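Structure, as structure tokens:
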Amino acid sequence: MPYGIEDDPRDVTKMIAGLNSNIPVNRRTLMDYIENGDFTYRTKEGDVISFPQEGIDRLAEVTDDQEKLTLRLPVFVSTDVQGERPCWKVDGITETSVISKLLGRRVHSDNRLPIYYPDLVKMRQLIPELVFTLFLP
């Protein structure tokens with residue numbers, strides 16, 4: 001039986017979109033979480049995800065006032081297939097600065113930080129539920 005265009009298992013773009021169906025929406029700043037509490041965020045599917053305050057406290061320790069105002073949570077870690085070696089990455093000036101301090105890593109580019117599996121594990125240990133993995137084609 002032939003597949004319809006919407007059911008084609010070879011449609012990689014649709015498959016990746018399905019992997020990203022629980023993307024957080026309306027990401028709030030670190031400062032907003034510090035001032036207002038309510039340690040939750042909503043996903044694209046409508047689920048409410050809560051996380052412990054310890055992650056917010058840990059991020060507050062390594063950020064300056066400007067970073068608290070601009071860092072949106074959760075932090076997105078996405079696939080990076082354009083680098084020399086396939087890995088994960090964190091994009092954004094604030095995100096790169098904060099995550100590099102959190103991991104104790106040097107920054108080579110102001111707006112991009114390559115993340116390898118041990119780094120991803122460490123991030124998930126330090127700020128659980130505040131790291132969100134995106135799959136990009």
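Quantities reported herein were computed from a predicted structural model and do not represent experimental measurements.
- Between the side chain of Asp119 and the main chain of Tyr116, a donor-acceptor pair closer than 3.5 Å is present.
- Contact annotation: the side chain of Met31 approaches that of Leu69 to within less than 4.5 Å [non-hydrogen atoms, C-beta and beyond].
- Checking Thr96 against Arg105 by side-chain atom types alone, no donor-acceptor pair falls below 3.5 Å.
- When every heavy atom of Leu113 is checked against every heavy atom of Ser100, the shortest pair comes out as CD2-N, 3.8 Å.
- Between the side chain of Thr43 and the backbone N or O of Asp47 there is at least one donor-acceptor pair closer than 3.5 Å.
- Listed for the Tyr33 side chain is a donor-acceptor partner under 3.5 Å among the backbone atoms of Thr40.
- The closest side-chain heavy-atom distance from Tyr117 to Cys87 is not below 4.5 Å.
- Using a 4.5 Å heavy-atom threshold, the side chains of Ser78 and Lys89 count as touching.
- In this structure, the side chains of Phe39 and Ser50 stay at 4.5 Å or more apart for every pair of heavy atoms.
- Residues Phe51 and Ile56 meet the side-chain proximity criterion, which asks for heavy atoms closer than 4.5 Å.
- Inter-residue side-chain proximity for Phe132 and Val77 is flagged as unmet; no heavy-atom pair is nearer than 4.5 Å.
- Within a 6.0 Å sphere centred on CG of Asp64, heavy atoms belonging to other residues, nucleotides or ligands number more than 12.
- Here Lys101 does not pair with Glu61 in a salt bridge; the nearest charged N to carboxylate O distance is not below 4.0 Å.
- Between the side chain of Arg42 and the main chain of Gly46, a donor-acceptor pair closer than 3.5 Å is present.
- Annotation: cation-pi geometry not satisfied between Arg72 and Tyr41 (NZ/CZ under 6.0 angstrom from ring centroid, within 45° of ring axis).
- Side chains of Glu129 and Pro74 form no contact here, defined as non-hydrogen atoms less than 4.5 Å apart.
- Leu30 places a side-chain heavy atom less than 4.5 Å from the side chain of Thr63.
- For CG of Asp110, the number of neighbouring non-hydrogen atoms (other residues, nucleotides, ligands) closer than 6.0 Å is 12 at most.
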